[in-house]
Each structure stands twice: as structure tokens, then as C-alpha cells.
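Written out below as C-alpha cells is the structure these notes cover.
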2 protein chains.
Amino acid sequence: MEKLMTITELGDELGLTPRAIRFYESKGLLSPGRVGSNRVYNYRDRARLKLIVRAKRLGFSLSDIAEYLDLYRSDPQQLEQRQLLIAKVRARIAVLEQQKIDLTTTLDELYEIERQATAESASVG
Amino acid sequence: MEKLMTITELGDELGLTPRAIRFYESKGLLSPGRVGSNRVYNYRDRARLKLIVRAKRLGFSLSDIAEYLDLYRSDPQQLEQRQLLIAKVRARIAVLEQQKIDLTTTLDELYEIERQATAESASVG
DNA sequence: AGCCTACTTTACGCATACGTCAATTGTTTT
DNA sequence: AAAACAATTGACGTATGCGTAAAGTAGGCT
């Protein structure tokens, strides 16, 4: 039988408050089981939440993330579904590839600032 | 003499509304010149705004960006200033490097989903 | 002069993403 | 059993990032 976690345990592990986790659930991003009235999270719930956290670090909104999670769930049996899936995935990829460019540019700038600052630190300090 | 732009010209070029640009100014991210009461933007203002747009695509908040812009402006003459600058730059770098990891992971997942979907598209469709 | 257009400030509105009580309930510890 | 603790569901509050009138001004066209 699988190990189950409480909401605070899960929150502590992933750096989230119970309030945040419940909020994500209210937006349809999670649907954990219950024991009585208490929420219980299994490893799949946990993996899902980790994915949410990762997407949030990338700056995605919760509704973005909801759509992103749908990509996993969508059934590619129907041709129309599949085409839609592919289109959505490619749209997300495009956004992320742009983000990659932005990231590289910004990191280059920051490393340059750091280089100059440490250089002055060596000569002046 | 340098060419100056109006707020709508600049907005059109960078995909922003005048409202957004004024809002950034109200948060201290920009300080364009004036001709009468009208704002005028030079190339430095434009470069600054492009940097803001890029940072926003990376999911940074405006106050994050304000601090980020300070990194350029900060005077590394004073040792204390310089140490602070280096520390802040390194903190930003750490965030962005984490973001890079998240980005790579997420892109890998998306490309995998796309691969599977197109594969089914070839065999089934 | 009168009008249109572009700009200005001020102000209220709104969606997102939670924080923070409040009141209640079930569990566990003493 | 009483107290303390962990969880629950509302409900209201708040910061961010603008959108959207509203009301006024300044310049150019007919």
C-alpha cells in the first residue's frame, strides 16, 4: 500500500503553505484523496504538485499550469484531440524557447556585471 | 541630436500599452524626459524598457526588476557597495540558473509529449 | 474658431495568488 | 474528561499589474 502524506507534510517538503495547496486544488490543479474530511496525498499527487511548483518558478499562471497539466491527461486517440494537443504543446514550447533566449541573454549580462565588479574588487580593493 | 519617441510609438514597438509604460514609470522603472507635459523617450529609455520586457517574460515582478535595474546603476566604487552588488548579482544568477534547470526539464517533457503525439499521429492517423 | 487627435492625471475596477482570521470538528495527549 | 493540536470550510483582506473610463490640456487641420 502506498504511503500517504498530510497537507502540511507535503507543504513543508515542497516549500508551500497548506493554504496555497488548497488554493491550487480549488483551481482544479489537484484532487487528493480524503480520509474522513482530511486530505491525503500520494506520490502521484506529490509529483503533480512538484510539476506545479516548477512551472510557477518559470512564471506561469495557475490557469496556464492547468492547461499544461491537461496536456498529460488529454487522450490522443481522437485525431482532432491529437492535433489540438500537438498545437498546444508546440505553443508552450515556443514560449519556453523564447524564455530560454531571454534567460541566456540575462544571465550573460549578470555574469558580465559580476565579472566587472569582482575585477574592480581585485584592482581597487 | 538624438531621436525621441512618444509613449504610443514606444508602446507599439515593444508591444506595450501606454498605460503599462506609465505604470512602470510610477514604480520608478523609467524616468523619461518631457516636452511640455508629454513624455519623450530616447534610446536609453528604450533599451531600459526592452530589458524590463525581457525580465517580465522571465516571470519577474516589477519590484524584482527594479532591483535588477539597480544592479546596473550601482556604483562599485565603495567596497561595501561592491560587495553588496556582487551578492545581489549572484543571488539573481542563482535564481536564473534554477530557472534554466526548470526550463530544460519542462522542455524535455513537452518535446516528449509532442514526440508521442506525432508518433501516434503517424501510426493511427 | 471649432474640431479632432494625442497626450496628461486621477481614480476606480478587476483578476491572480494567496494570507489571515474565525468558527468548527476530529484526534491525541495528559 | 479537559486541553491542546491538526485539519476543515468560509470569508474577508491585500499586493501586483495593469484596464478603463473621466476630465482636462495642447497642437494641428479645415
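By convention in this document, chain letters (A, B, ...) are assigned in the order of the sequence lines, proteins followed by strands, and residues within each chain are numbered from 1. Every value quoted in this text rests on a predicted model; they were computed, and no experiment measured them.
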Exercise. Let me know, please, whether B/Ser37 or A/Leu62 comes out on the 5' side of the other along DNA chain C by nearest nucleotide.
Key: B/Ser37
Side chain of [X] - closest among [options]:
X       : options               : answer
A/Tyr24 : D/dC18, D/dA7, C/dC18 : C/dC18
B/Ser61 : D/dG17, C/dA11, D/dA7 : D/dG17
A/Arg34 : D/dT9, D/dC18, C/dC18 : D/dT9

Measure the distance from [atom1] on [X] to [atom2] on [N] and round it to the nearest whole Å.
X       : N      : atom1 : atom2 : answer
B/Met5  : C/dC7  : CE    : C1'   : 16 Å
A/Leu4  : D/dA7  : CG    : C1'   : 16 Å
A/Ile21 : D/dT8  : CD1   : C1'   : 14 Å
A/Leu16 : C/dA17 : CG    : P     : 13 Å
B/Phe23 : C/dG13 : CZ    : P     : 17 Å
A/Asp64 : C/dA15 : CG    : P     : 17 Å
B/Leu10 : C/dA6  : CG    : P     : 17 Å
A/Glu25 : C/dC18 : CD    : P     : 15 Å

Quiz prompt | Atom pair OG1/CG of A/Thr6 and A/Asn38 - distance to nearest 0.5 Å | solution = 8.5 Å
Quiz item: What's the spacing between A/Leu96 CG and B/Glu109 CD if we round to 0.5 Å?
Solution: 10.5 Å
Quiz item: Could one point to a donor on the side chain of A/Arg39 or the base of D/dT8 with an acceptor on the other under 3.5 Å away?
Solution: no
Practice problem: Check whether the side chain of A/Arg22 and the base of D/dT8 form a donor-acceptor pair under 3.5 Å. | Solution: no
Quiz prompt | Residues A/Arg44 and A/Glu2 bridged, charged N to O under 4.0 Å | solution = no
Quiz item: Does B/Thr6 put a side-chain nitrogen or oxygen below 4.0 Å from OP1 or OP2 of C/dA6?
Solution: no
Quiz item: Can you find a side chain N or O atom of A/Lys56 that sits less than 4.0 Å from OP1 or OP2 on C/dT16?
Solution: no
Quiz prompt | Residue whose closest nucleotide on DNA chain D lies nearer the 5' end, A/Arg19 versus A/Tyr41 | solution = A/Tyr41
Quiz item: Do other residues, nucleotides or ligands put more than 12 heavy atoms under 6.0 Å from the CD atom of B/Gln78?
Solution: no
Quiz item: Which atom pair, heavy atoms only, marks the closest approach of B/Pro32 to B/Val40?
Solution: CB-O, 3.3 Å
